[in-house]
Amino acid sequence: MSRKSNSEQRRAQIVQALMDTMAEHGYEKATILLIARRAQLAPGLLHYHFHSKAEILLALVQALAGAARQRYLALAHKATNADERLAAYVEARLGLGEGADAGAVAAWVVIGAEAVRQSEVRAAYQHAVDTEMALLRELLSASLAAQRKSTANVEALAAALLALMEGTFQLASAAPASMPVGYAAPLATQLVRRFIDAEPPA
């Protein structure tokens with residue numbers, strides 16, 4: 001496998017620096033100077049690789065979505081059935097084990113807020129959500145089918161699970177001391193299992 005080019009490495013370094021700076025200062029106050037300082041690069045190099053801070057943010061949306069996908073694949077590679085793949089997905093998104101990244105969670109919450117304000121960020125965020133929904137429908141449908149259950153409500157269940165995850169991210173970032181440690185993944189798994197068990201036969 002070929003090594004990443006210097007340009008790719010620099011872009012990844014800048015995107016990571018934006019994520020780290022956002023976690024501390026928020027997006028609005030994450031200036032190019034602060035991002036450059038965190039990346040240990042000259043501000044001019046940031047403008048060489050990205051036209052604007054907004055462009056770095058869009059690259060961060062893609063990077064976070066890609067990292068989430070990779071964590072799921074890493075946890076699911078030993079799964080032997082639909083239920084195990086679904087459990088791996090929930091653990092990948094909400095579990096606190098290997099690969100968990102509180103900084104990425106905080107950055108995703110900030111991105112969600114910026115999606116309300118900026119149309120370009122909204123489009124990128126919407127694409128990430130649509131991709132997530134497609135994967136959720138696939139996993140849930142497979143698990144329901146394996147139990148010979150109806151898939152008529154799979155769209156609503158996927159939406160509810162995604163909303164639960166996004167709410168968990170918000171609370172983990174804004175009020176972490178108020179929430180029990182490590183509750184999210186086990187509870188989400190139980191809720192999904194109860195829903196599947198309660199569905200009528202196919």
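Any value given below was found using the heavy atoms of this structure, including those in side chains, with hydrogens, waters and symmetry copies removed.
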- Query: Tell me, do Leu164 and Leu187 make a side-chain contact under 4.5 Å, heavy atoms counted?
  - Reply: no
- Item | Check: Glu199 and Leu157 side chains under 4.5 Å, non-hydrogen atoms | no
- Query: Any side-chain heavy atom of Glu114 within less than 4.5 Å of one from Tyr125?
  - Reply: no
- Taking side chain as C-beta onward, heavy atoms only, is Leu57 less than 4.5 Å from Met22? yes
- Before giving the answer on side chain to side chain contact (heavy atoms under 4.5 Å, CB included), spell out for Arg193 and Asp197 the whole-Å C-alpha distance, their side-chain angles and the decisive distance to 0.1 Å. CA-CA 6 Å; Arg193 177 49 48 202; Asp197 289 344; 3.6 Å; yes
- Over 12 non-hydrogen atoms of neighbours within 6.0 angstrom of OH in Tyr48: no
- In a check of side chain to side chain contact (heavy atoms under 4.5 Å, CB included) between Leu86 and each of Thr189, Ile196, Asn81, which one passes? Ile196
- Mark yes or no: Lys53 above the aromatic ring of Tyr27, with NZ or CZ under 6.0 Å from the six-membered ring centre and no more than 45 degrees from the axis. yes
- Task: With the side chain counted from C-beta on, respond yes when Leu144 and Asn153 share a heavy-atom pair under 4.5 Å apart, and no when they do not.
- Result: no
- Determine yes or no for a side-chain-to-main-chain donor-acceptor pair under 3.5 angstrom, with Arg10 supplying the side chain and Leu46 the backbone. no
- Is Glu8 paired with Arg11 through a side-chain N to carboxylate O contact shorter than 4.0 Å? no
- Item | Sub-4.5 Å side-chain heavy-atom contact between Gln147 and Asp83 | yes
- Within-4.5 Å side-chain heavy-atom neighbours: Glu155 and Met133: yes
